[in-house]
Amino acid sequence: MESFSDAVFGFALTLLVVSLDVPKTFTDLVTTMRGFPAFALCFLFLALCFLFLALIWNGHYRYCRRYGLDDGTARFLTCVMLFLVLFYVYPLKFLFNFSITSLFFGGSAQPVSMTRSQFSTLLIIYGLGFAAVYFAMTLLYLHAYRLRDVLQLTELEKFDTRYQLFRLSALVAFGLIAALLAYIPLTRNWSSLVYLLLFPILRTSRLVHRRRRTPYLAAMAA
């Protein structure tokens, strides 16, 4: 299951790159070279897309290594998550490409144009996709926690699993909130900013988690 997941994640990362067009004439080449700043930004948004997918892959990799589950439920939930990841690639790439180019070059440099309604729909798709991927991960960890006695998890491992459930649930909630804000015309502009709140919130939760797990480590050492 882990090897299959790695292959699918590799394919998803490939999809981020293979759709880049190669100049077909010398005129196209000259035009492309004149747009070197935009070309440099291409690497920037691809790196950001890679980062998002790498975080999802790393979460699943740690899950497989931590619990080693390979039953029917784990395989089904993994397949659902991988399907969502593949669905998530193109909205992810399109949104980053559109947003970064708009931020640095303005609307005149956009390869495509969108109405406010269309951009709102794009943000809704992104938010729901974001929430769906992490909801599948949440179900995987919930499945492992349900089998905690069968897996003979220690108290520390149970505590870490509960923390992961909280962390993943928060990611799902943020995706749904962002999609809801994008759906409401008055709050559409706040939708993208919701994701920025993830960094301080998750960082704070990690610090609290490290402090609260200290007694468990002390108990194991004793």
Which heavy-atom pair separates [X] from [Y] by the least distance, and what is that distance?
X	Y	result
Leu153	Ala144	CD1-O, 4.5 Å
Thr161	Glu157	OG1-O, 2.7 Å
Leu140	Ala74	CD2-O, 3.7 Å
Thr138	Leu168	OG1-CB, 3.2 Å
Ser191	Ala178	OG-O, 2.7 Å
Met81	Ala136	CB-CB, 3.8 Å

In this structure, are over 12 heavy atoms from other groups packed under 6.0 Å from Tyr145 atom OH?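 Atom OH in Tyr145 is packed in, count exceeds 12.
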Other residues, nucleotides and ligands only: do more than 12 of their heavy atoms fall within 6.0 Å of CZ on Phe174? yes
With a 4.5 Å cut-off on side-chain heavy atoms, are [Y] and [X] touching?
X	Y	value
Leu180	Thr187	no
Leu147	Tyr67	no
Leu122	Gln118	no

Ring-plane angle category for [X] and [Y], please: parallel below 30°, perpendicular beyond 60°, tilted otherwise.
X	Y	value
Phe130	Tyr134	tilted
Tyr126	Tyr195	perpendicular
Phe166	Tyr163	tilted

Walk me through it: do His143 and Arg146 pass the test side chain to side chain donor-acceptor pair (under 3.5 Å)? CA-CA 5 Å; His143 176 58; Arg146 185 175 62 86; 3.1 Å; yes
Worked verdict on Ile201 versus Ser205 for side chain to side chain contact (heavy atoms under 4.5 Å, CB included): CA-CA 6 Å; Ile201 291 177; Ser205 70; 5.6 Å; no
Here's one to test your reading of the geometry: is the NZ or CZ of Arg162 within 45 degrees of the ring axis of Phe159 and under 6.0 Å from its centre?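 No.
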